[in-house]
Visitor: 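Mind looking over this structure? Questions follow.
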Amino acid sequence: MIVVRRKPIDEILKMVGRHTRVMLVGCNTCAAVSLAGGQKEVDTLIELLSLAASRKGFSVEFSDAILERQCEPEFIEKLDSQGYDAILSLGCGAGVATLAGDNDKPVYPALDTLFIGSAQGFASWQAECSACGSCVLGETCGICPTTRCAKGILNGPCGGVKDGTCELGDRPCAWVEIYDRLESLGRIDDFGKTMPAKDNSISARCCEWDMTKEGDDS
Amino acid sequence: MSNIPPHKASEADKDRVFAPCRARCPVHIDVPGYLSAVAEGRFTDALEIVMQRNPLPSVCGRVCLRPCEEGCRRCNLDEPVAIAALKRAAADHGAYPLPRPMGTRPERVAIIGSGPTGLTAAHDLAQLGMKVTLFEEKPKLGGMLRYGIPNYRLPDDALDRDIGHIVSLGVETITGVRVGRDLNLDELAQTFDAVLIAAGLQGSRSVPIDGAHLPQVMTALDFLERSASGEKLDLGERVVVVGGGNVAMDVARTAIRQHAQSVDVICLESRDEMPASEHEIEDATLEGANVHCSWGPHAVIGDENVCALDTVRCTSIFDSEKRFAPEFDESELRRFEADTIILAIGQSADVGDLGINLTHRGSPIVDPVTLRTSHEGIYAAGDVVTGPTRIIDAIAHGHRAAAAIFGALVDDWSLLRELDLENTVLGEIPPHMSEMLETRRRIQMETVPFYEAIKNWGEIEEGYTEYEAAREAQRCLGCTTGARLAQEKCASCLSCMRVCPHGAPGVHVGGYMYFDMEACHACGTCASACPGSAISIEGCSPDEMVLRVQRALASPTIDQTIAFVCGHTRNALETLDPNARIVTVSCLLRVDESTVLQAFRSGAGRVAFSECDTGTCRFPHALKLVAQRERSIVSALTQIGMGDSFRIVGPASDEEAPS
Amino acid sequence: MNLHDALSSGTFAVTSEVGPPKGTDVSEMLASAEILRGRVHALNVTDNQAAVMRLCTLAACIHLKNAGHDAVYQVTCRDRNRLAMQSDLLGAASFGITNVLALTGDHIVVGDHPAAKSVFDYESVQLLETIVDLKGGRDAAGNELHGVPDFTIGAVVTPDAKPFRPQLAKFEKKVRAGATYFQTQAVYDPESFTSFSAYARGLGVKILAGVVVLRSAGMARFMNKNIPGIEVPQALIDQLEASNDPVQTGIEITARFIEQVRSECDGVHVMAVGAEHLVPRILDAAGL
């Protein structure tokens with residue numbers, strides 16, 4: 001899932017404060033699931049922006065709508081934004097982009113898109129994938145070194161690991177985890193295989209995907 | 001005879017799941033609904049919920065036999081919630097709704113008898129806009145409620161509050177008139193579009209024994225009525241009461257208050273078989289009545305001065321088919337000296353003078369569905385039809401009569417159909433959940449000690465204070481009031497599953513969420529965590545919360561602080577400004593971020609969260625989430641320069657701000 | 001004697017380090033190097049150490065080279081991609097700077113430009129392989145070089161890392177990738193160091209024990225708490241605590257340590273950590 005987070009109110013207000021009628025559009029897929037873009041967050045943001053706007057002397061009117069997925073034009077077609085002069089999207093970057101591409105009025109992002117992640121209990125997510133285009137999870141027992149290691153190292157822990165914790169102090173060392181998991185799976189020999197540097201040309205050219213899926217373009 | 005079109009239960013009807021308390025109540029009061037309102041100190045809301053199904057809350061809050069409490073799911077945990085006493089609290093501390101009949105209709109209905117059945121029917125029909133005239137033989141309204149139940153259990157002012165509300169709906173009342181004697185039923189039937197006979201059981205049963213005619217022998221009804229009317233009776237020193245039911249207990253205790261020196265209660269039944277409620281027997285005994293079981297009255301001995309009741313040993317009262325067929329051992333005799341003997345052995349219908357077809361027991365013959373008698377436009381309901389029942393059954397019959405009369409007069413049978421809807425009853429608490437629930441004893445109500453109580457007619461039970469009522473109501477498990485899911489809004493994010501400590505939410509293949517109602521006890525944690533606003537908890541929807549905030553803001557106090565107070569603690573209240581506008585909630589988690597922000601937009605100058613302490617918290621699993629909510633509110637407000645407009649008070653907080 | 005010769009002749013190698021300035025004034029750096037002239041075989045030049053931006057390592061190496069010092073060119077992967085690193089390495093070699101030390105580098109967010117983009121196109125193992133490629137006459141993409149550099153290829157290792165086994169496996173990868181000598185993170189326990197060193201030398205690489213002189217008990221405790229892979233034994237902390245002249249005590253501790261491990265390793269790397277003036281005293285005390 002795409003994990004998102006609300007931007008600071010000031011930043012949002014700078015974008016929408018100059019408009020008079022703004023429609024907040026939530027997204028009931030990833031953004032809702034990461035507790036930042038569902039109906040409740042839309043309602044809360046409307047209240048917050050209204051309060052903030054009135055304190056700054058802006059006169060902005062806000063209303064709400066929820067789309068099932070903002071990254072699908074067919075869902076966006078159902079959105080009636082007539083009479084509004086701007087849209088504030090509570091979707092991920094793809095949502096904002098799709099809404100903006102399908103609209104004749106300015107579309108602003110209310111959220112920052114953080115990562116592709118997994119849920120870790122309520123209101124907690126972990127980055128799992130960086131969409132690099134060349135997956136090595138098979139060699140690392142499902143722990144992505146590109147994502148989970150702060151430096152994206154592909155060949156083992158750096159010298160910064162302290163008691164199994166990353167030198168940034170905010171996460172366990174991915175390579176210690178990979179080592180443990182390889183060991184528990186009896187695959188510790190794989191740790192010794194040197195992984196070559198990533199082929200970054202794959203992600204550099206991934207925009208080709210917006211045209212075809214191989215074999216489907218006959 | 002019945003002319004109601006057939007009706008098939010719809011799918012929606014089958015989904016109607018009632019908590020056992022509600023299912024067992026003959027009028028299906030939304031018990032969990034009003035208990036949750038009481039738990040939040042919303043007594044007026046609670047009273048409104050009660051009165052949707054029961055127009056006599058003050059009465060039933062005191063003297064209902066409480067079938068609901070037998071069904072309470074706490075029975076398996078500790079003891080049932082004091083449902084009836086909380087109904088009384090709603091009536092004591094809440095405001096009765098303003099009379100708002102649904103328009104006016106031309107139909108006129110006469111109701112004979114102003115007991116629970118007559119009052120209920122009058123209430124319902126007047127509420128529906130019909131013109132109702134209530135005929136009562138006695139000088140005051142209330143029937144047995146006034147003249148049969150002693151004041152120490154049901155004081156007149158309590159009864160008058162219920163009656164006052166019913167009358168305020170526009171019911172015309174004519175007292176001191178007995179239909180059949182002072183007025184002809186046929187004439188009534190011509191003047192009114194419908195007539196309802198709800199006369200109750202005005203006849204007293206007697207016993208076919210020698211001396212029953214002696215002047216020292218009186219009936220319970222006569223005795224109770226005269227006592228209730230304020231008459232001071234000279235009973236002599238020794239009173240013997242015959243009977244083993246609640247009426248006999250009322251008679252005994254009334255006799256004590258009429259200054260009898262000794263009161264002996266004689267009954268056929270053994271102690272275990274006595275029909276009287278256990279606590280009524282205990283109270284009577286405590287006040288000085290001596291209960292003598294398994295004795296049958298044999299003869300009243302005496303002349304105009306000296307008197308005694310001779311009894312024989314009763315060896316059994318039911319035959320093998322459980323029919324009433326007492327057997328006696330004539331060789332074992334006992335004599336009870338008496339100055340007065342009061343027979344409390346049952347009542348019977350007394351409507352022979354109305355001229356309608358009666359059963360062999362003297363009750364009107366009616367269609368069991370429509371309650372219509374042998375005469376067009378004439379209906380009968382309540383004890384006069386059913387024989388002796390509980391008050392709440394009589395109320396239920398009153399509803400049925402009103403629905404039937406409305407159906408016949410307006411040709412709209414929906415109300416009657418609604419009464420017969422099937423419902424599913426919520427099962428017992430699942431074992432995994434009972435293990436997680438903490439036991440909490442019922443809050444004892446203050447009572448006047450028996451040695452004081454017998455000195456006068458004052459009410460013995462003092463009722464719950466508002467605080468006691470809220471605390472007791474918080475024992476309610478909120479059965480069936482918990483999570484309701486709007487599937488179309490659900491994003492299947494699983495937040496509900498992650499925050500529910502009881503395993504109530506689950507997910508089907510395909511990502512469809514469901515809730516196990518038996519495991520849910522309406523803490524509201526899932527609703528608070530739901531990003532799609534797809535889950536709602538009864539009484540706590542965002543709209544309802546906004547309404548409560550606006551009500552609080554409308555109250556005439558100068559302080560502009562809205563304080564959301566967790567209902568589970570009171571000491572927090574003391575740390576708040578006494579002028580703060582208080583919105584009590586069952587858990588602060590029910591207050592969404594947007595509710596707080598909306599409070600500011602509606603004019604609140606400041607908002608406070610008054611937390612419960614961990615000792616009294618009913619939903620300890622929510623504490624962490626409340627703290628999370630508070631942090632996010634503070635963060636949001638700080639971002640717009642209003643960080644100091646929000647304050648957290650209460651024992652669980654260490655960031656208390658100066659006021 | 002330079003580092004390459006010391007290592008290949010079996011002479012006990014001594015290295016220390018200098019940090020390039022923040023700015024263009026290299027005089028202080030050269031002064032620090034000057035007091036070590038003749039005392040060390042080579043001077044490491046750090047590469048934006050701790051992710052703090054400084055004068056470029058290659059330029060600093062050239063300054064030292066011009067002043068007659070043998071420099072060890074530290075290359076980290078944090079700030080440059082594979083093109084930049086290779087071209088800098090070729091540049092270094094063109095100036096005769098052939099001692100290289102390959103490191104992954106501290107993360108950018110711990111430094112003074114935390115908002116900068118981390119590169120990490122390579123990390124140490126891949127960098128080592130590429131340096132070996134260059135030495136073999138081809139770049140990382142397999143293209144032939146005109147003029148082939150010669151490098152003495154080094155890397156780093158943390159013998160007291162916790163947990164140790166993943167670190168050891170990484171060390172072995174570096175050995176296989178082509179590192180011929182290793183400077184270690186600061187070590188204090190002679191016993192654990194010599195057991196690591198014995199194993200490492202068995203793989204055919206040279207080990208230079210890293211030492212940081214402890215100047216107070218507080219500094220020792222700070223390092224234990226904050227610097228990954230450093231374990232100062234409690235006995236040493238007690239000794240410093242009890243001392244009237246903790247700096248002198250620290251120097252003695254360092255000298256004693258060097259004596260104890262000298263026969264079990266191939267050299268010593270003295271990290272000054274802001275006290276370059278103490279390095280000669282340490283070397284004096286250790287008899288180097």
Side-chain angles (χ1 to χ4, degrees), chain A residues 1-14 17 24 26-58 61-62 64-70 90-91 110-111 118-125, chain B residues 486 488-501 505 511 525-536 541-543 545-546 549 591-604 607 621-622 624-625 628-629 631-633 635-643 645-646:
Chain A
M1 185 194 61
I2 314 278
V3 177
V4 290
R5 176 172 64 191
R6 190 171 71 205
K7 282 178 173 291
I9 295 302
D10 261 355
E11 194 182 329
I12 300 173
L13 203 58
K14 264 182 206 141
L24 278 72
C27 176
N28 217 25
T29 308
C30 302
V33 174
S34 56
L35 309 184
Q39 182 72 54
K40 193 166 281 176
E41 288 296 332
V42 169
D43 291 346
T44 302
L45 188 55
I46 287 181
E47 293 300 327
L48 206 49
L49 287 173
S50 304
L51 264 179
S54 69
R55 285 170 65 86
K56 295 208 167 187
F58 298 148
E61 196 186 306
F62 299 100
D64 68 296
I66 297 285
L67 292 178
E68 202 53 41
R69 283 200 294 282
Q70 283 189 15
L90 284 82
L111 311 179
S118 66
Q120 308 284 305
F122 174 64
S124 174
W125 298 271
Chain B
E488 74 282 2
K489 290 183 174 178
C490 174
S492 301
C493 70
L494 312 182
S495 296
C496 49
M497 279 177 79
R498 292 180 183 134
V499 297
C500 176
T525 311
C526 56
S528 102
C530 176
S533 297
I535 306 172
S536 59
S541 70
D543 290 348
M545 290 305 295
V546 168
V549 168
V591 187
D592 275 341
E593 227 174 307
S594 64
T595 308
V596 171
L597 297 167
Q598 209 152 24
F600 285 115
R601 279 226 284 157
S602 305
V607 168
H621 61 271
K624 206 177 109 194
L625 295 167
Q628 228 171 59
R629 167 75 43 83
R631 280 198 300 276
S632 100
I633 291 170
S635 147
L637 288 172
T638 305
Q639 284 185 45
I640 59 171
M642 290 175 63
S645 307
F646 181 70

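Per chain, numbering begins at 1; letters A, B, ... match sequence-line order. Being a predicted model, the structure only gives us computed values, none of them experimental.
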Visitor: What part of Ala599(B) gets within 4.5 angstrom of chain A, counting heavy atoms only: side chain, backbone, both, or neither?
Guide: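 Contact with chain A involves no heavy atom of Ala599(B) at all.
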
Visitor: As an exercise, state the distance from CG of Asp43(A) to OG of Ser533(B), rounded to the nearest 0.5 Å.
Guide: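 It comes to 5.5 Å.
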
Visitor: Is there a side chain to side chain contact (heavy atoms under 4.5 Å, CB included) between Gln39(A) and Lys489(B) once you walk through the steps?
Guide: CA-CA 8 Å; Gln39(A) 182 72 54; Lys489(B) 290 183 174 178; 5.5 Å; no

Visitor: Count the heavy-atom pairs under 4.5 Å between each of Ser528(B), Ala534(B), Pro542(B), Ser635(B) and chain A, then report the option with the highest count.
Guide: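 Most heavy-atom pairs under 4.5 Å with chain A: Ser528(B).
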
Visitor: Can you measure from OG (Ser594(B)) to CD1 (Ile46(A)) and round to the nearest 0.5 angstrom?
Guide: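 The CD1 atom of Ile46(A) is 9.5 Å from OG of Ser594(B), to the nearest 0.5 Å.
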
Visitor: When rounded to the nearest 0.5 angstrom, what is the spacing between CD1 in Ile640(B) and CD1 in Ile9(A)?
Guide: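 Taking CD1 in Ile640(B) and CD1 in Ile9(A), the distance rounds to 7.5 Å.
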
Visitor: Quick check for you: among Met1(A), Glu47(A), Arg6(A), which has the greatest number of heavy-atom pairs under 4.5 Å with chain B?
Guide: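 Heavy-atom pairs under 4.5 Å are most numerous for Glu47(A).
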
Visitor: Using a 4.5 Å cut-off on heavy atoms from C-beta on, say whether the side chain of Glu41(A) contacts that of Pro531(B).
Guide: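 No, side chains not in contact.
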
Visitor: Counting only N and O atoms by type, is there a donor-acceptor contact under 3.5 Å from the side chain of Gln639(B) to the main-chain atoms of Pro8(A)?
Guide: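 Checking the backbone N and O of Pro8(A) against the side chain of Gln639(B), no donor-acceptor pair under 3.5 Å is found.
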
Visitor: Within the distance-only criterion (no hydrogens, no angle test), does the side chain of Arg55(A) pair as donor or acceptor with the backbone N or O of Gly641(B) below 3.5 angstrom?
Guide: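 It does hold such a pair.
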
Visitor: Please look at Cys490(B) and chain A and tell me whether the side chain, the backbone, both or neither of the residue comes under 4.5 angstrom of a heavy atom of that chain.
Guide: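 Interface part for Cys490(B): backbone (N, CA, C, O).
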
Visitor: With respect to Thr44(A), which candidate in Ile633(B), Leu597(B), Asp592(B) satisfies the side-chain contact (heavy atoms from CB on, under 4.5 Å) definition?
Guide: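 Option passing the side-chain contact (heavy atoms from CB on, under 4.5 Å) with Thr44(A): Leu597(B).
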
Visitor: With side chains defined as the heavy atoms from C-beta onward, is the minimum distance between Leu494(B) and Phe122(A) less than 4.5 Å?
Guide: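 They are not in side-chain contact.
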
Visitor: Which heavy-atom pair separates Ala529(B) from Leu35(A) by the least distance, and what is that distance?
Guide: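 It is O-CD2, 4.0 Å.
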
Visitor: Could you tell me which non-hydrogen atom of Arg498(B) sits nearest to which non-hydrogen atom of Ala119(A), and how far apart they are?
Guide: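 Here Arg498(B) and Ala119(A) meet closest at NH2-CB, 3.4 Å.
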
